[in-house]
Amino acid sequence: MHFTVTADTDVGIAKETNQDSMVVKHGKYYGGEVLMAVICDGMGGLDKGELASATVVRAFLRWFGEELAYELENPDMQVIGGKWSLLLKELNVRIQKYGQARGISLGTTFTGMLFVGGQYVIVHVGDTRAYRIGKDLQQLTVDQTFVAQEIERGDMTAEQAKKDKRRNMLLQCVGASDNLKPDVLVGDTKKGVYMLCSDGFRNEVTEQEIFDAFEPAENVHGEAMHTNARRLIQLAKERQEKDNISVILIRTDWE
């Protein structure tokens with residue numbers, strides 16, 4: 001498996017600071033290539049959101065540098081997902097204690113992917129998202145939000161959710177949840193494009209526009225991926241998206 005990656009972030013049109021944090025780490029081992037991608041959205045409206053998101057990203061950078069080599073001796077994506085989940089629970093407690101000691105609230109979403117040996121694991125908290133783009137656009141994660149819960153229960157339609165004032169209300173958040181329960185998803189890596197994004201990237205852009213911009217045939221190399229990502233970021237800003245805007249694109253090809 002070979003990976004081509006681009007990542008971009010923009011403060012947007014309204015905020016003074018960018019509370020999104022993200023990282024991509026790409027390496028090789030005896031089994032081929034390995035790639036980790038993480039995107040965190042520090043909570044808008046909460047103090048120090050950028051500190052929360054950066055703290056989580058730094059912790060996963062340390063994990064990649066200090067722990068990954070041991071996991072690669074006998075990779076088990078479900079086990080890795082469980083360890084990531086435990087790490088997020090530890091960070092949740094640490095960030096909560098930091099905020100309580102200073103009388104502030106801070107938190108972040110988390111969506112992370114690790115690709116190893118033809119498989120991936122996704123660990124997810126909040127409403128940042130992971131997608132796969134092949135013949136169509138497939139959302140891999142489920143938003144941990146009030147409106148997503150209402151849609152699942154049949155008490156709200158997707159169209160109603162887009163206009164509901166509670167659409168940004170999170171059910172879980174790293175640093176602000178009493179009992180954090182990350183979602184862990186394991187799957188086989190397929191040829192195509194995988195995308196991680198903050199809600200600011202997708203709020204004002206349609207799924208059809210995302211698919212048209214990032215379908216694999218139109219993104220055969222990193223330059224095209226970067227150009228298309230910047231184009232959609234600019235489109236979101238033109239449509240008056242007020243949040244920070246971040247996206248990571250990962251093209252997967254079999255060697």
Side-chain angles (χ1 to χ4, degrees), residues 3-10 18-27 33-43 49-69 71-72 75 77-92 94-95 106-116 119-132 139-144 170 172-177 180-187 189 193-202 225 229 243-252:
F3 303 102
T4 305
V5 187
T6 188
D8 215 325
T9 188
D10 195 293
N18 191 340
Q19 296 185 324
D20 291 354
S21 297
M22 57 184 184
V23 66
V24 176
K25 294 293 289 184
H26 187 188
E33 294 187 29
V34 57
L35 186 139
M36 181 184 77
V38 171
I39 191 163
C40 295
D41 182 354
M43 298 316 301
E50 66 275 17
L51 176 60
S53 64
T55 297
V56 173
V57 162
R58 283 195 297 270
F60 277 81
L61 265 173
R62 284 194 298 272
W63 181 91
F64 188 92
E66 298 173 6
E67 303 295 333
L68 177 61
E71 302 297 339
L72 292 177
M77 304 308 274
Q78 200 70 51
V79 169
I80 292 172
K83 291 181 178 180
W84 278 21
S85 182
L86 286 174
L87 177 55
L88 287 170
K89 291 178 181 181
E90 293 170 4
L91 290 164
N92 180 59
R94 190 189 311 170
I95 293 170
L106 68 165
T108 182
T109 67
F110 176 91
T111 301
M113 290 189 77
L114 182 72
F115 296 87
V116 178
Q119 284 194 309
Y120 66 77
V121 61
I122 301 171
V123 180
H124 169 72
V125 176
D127 65 351
T128 45
R129 288 182 181 175
Y131 292 85
R132 179 184 174 270
Q139 184 179 331
L140 300 175
T141 52
V142 176
D143 293 346
Q144 296 175 348
L170 295 179
Q172 292 205 97
C173 170
V174 182
S177 292
L180 193 72
K181 295 181 179 180
D183 290 337
V184 178
L185 310 166
V186 173
T189 305
V193 175
Y194 290 83
M195 179 181 81
L196 280 65
C197 68
S198 63
D199 61 336
F201 179 81
R202 59 174 171 79
M225 292 164 62
D243 204 352
N244 307 138
I245 306 168
S246 300
V247 62
I248 300 171
L249 293 173
I250 305 156
R251 182 184 171 94
T252 53

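Predicted, not measured: the structure shown is a model, and the values here were computed from it.
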Given side chains that start at C-beta, do those of [X] and [Y] come closer than 4.5 Å, heavy atoms only?
X    : Y    : result
V56  : I95  : yes
R251 : V5   : no
R129 : D143 : yes
I250 : V193 : no
Y120 : I122 : yes
F60  : L91  : yes

What distance separates [X] [atom1] from [Y] [atom2], expressed to the nearest 0.5 Å?
X    : Y    : atom1 : atom2 : value
L114 : M77  : CG    : CE    : 4.5 Å
L140 : M113 : CG    : CE    : 6.0 Å
M225 : M195 : CE    : CE    : 11.5 Å
L180 : K89  : CG    : NZ    : 7.0 Å
Y131 : T141 : OH    : OG1   : 7.0 Å
M22  : C40  : CE    : SG    : 11.0 Å

Is [X] reaching over with its side chain to a backbone N or O of [Y], donor-acceptor style, under 3.5 angstrom?
X    : Y    : result
S53  : E50  : yes
S21  : V57  : no
T6   : L249 : no
T55  : L51  : yes
D199 : D127 : no
N244 : Q19  : yes
T111 : T128 : yes
H124 : V142 : yes
T108 : V174 : no
Q172 : K181 : yes

Working note: T189 + Y194, criterion side-chain contact (heavy atoms from CB on, under 4.5 Å); need CA distance, chi angles, decisive distance, verdict. CA-CA 9 Å; T189 305; Y194 290 83; 4.1 Å; yes
Could you walk me through whether V23 and K25 pass side-chain contact (heavy atoms from CB on, under 4.5 Å), step by step? CA-CA 7 Å; V23 66; K25 294 293 289 184; 4.2 Å; yes
side-chain contact (heavy atoms from CB on, under 4.5 Å) assessment of I39 paired with L196: CA-CA 7 Å; I39 191 163; L196 280 65; 3.8 Å; yes
Which pair of heavy atoms, one from [X] and one from [Y], lies closest together, and at what distance?
X    : Y    : value
A176 : N92  : N-OD1, 3.4 Å
Q144 : V125 : OE1-CA, 3.4 Å
P182 : V123 : CB-CG1, 3.8 Å
C173 : L170 : CB-CD1, 4.3 Å

Could you check D41, I245, V247, I248 and say which one makes a side-chain contact (heavy atoms from CB on, under 4.5 Å) with C197? V247
Check step by step if side-chain hydrogen bond (donor to acceptor under 3.5 Å, both in side chains) holds for T9 and N18. CA-CA 8 Å; T9 188; N18 191 340; 2.9 Å; yes
Among side-chain atoms of S246 and D20, is any donor-acceptor pair under 3.5 angstrom? yes
E67/R62 ion pair, N-O < 4.0 Å: no
For the pair F115 and V34, evaluate side-chain contact (heavy atoms from CB on, under 4.5 Å) and give the outcome as yes or no after the intermediate values. CA-CA 6 Å; F115 296 87; V34 57; over 6 Å; no
For F3 and H26, run ring pair (Phe, Tyr, Trp, His ring centres under 6.0 Å): C-alpha distance rounded to whole Å, both residues' side-chain angles, the deciding distance at 0.1 Å, then the answer. CA-CA 8 Å; F3 303 102; H26 187 188; 5.8 Å; yes
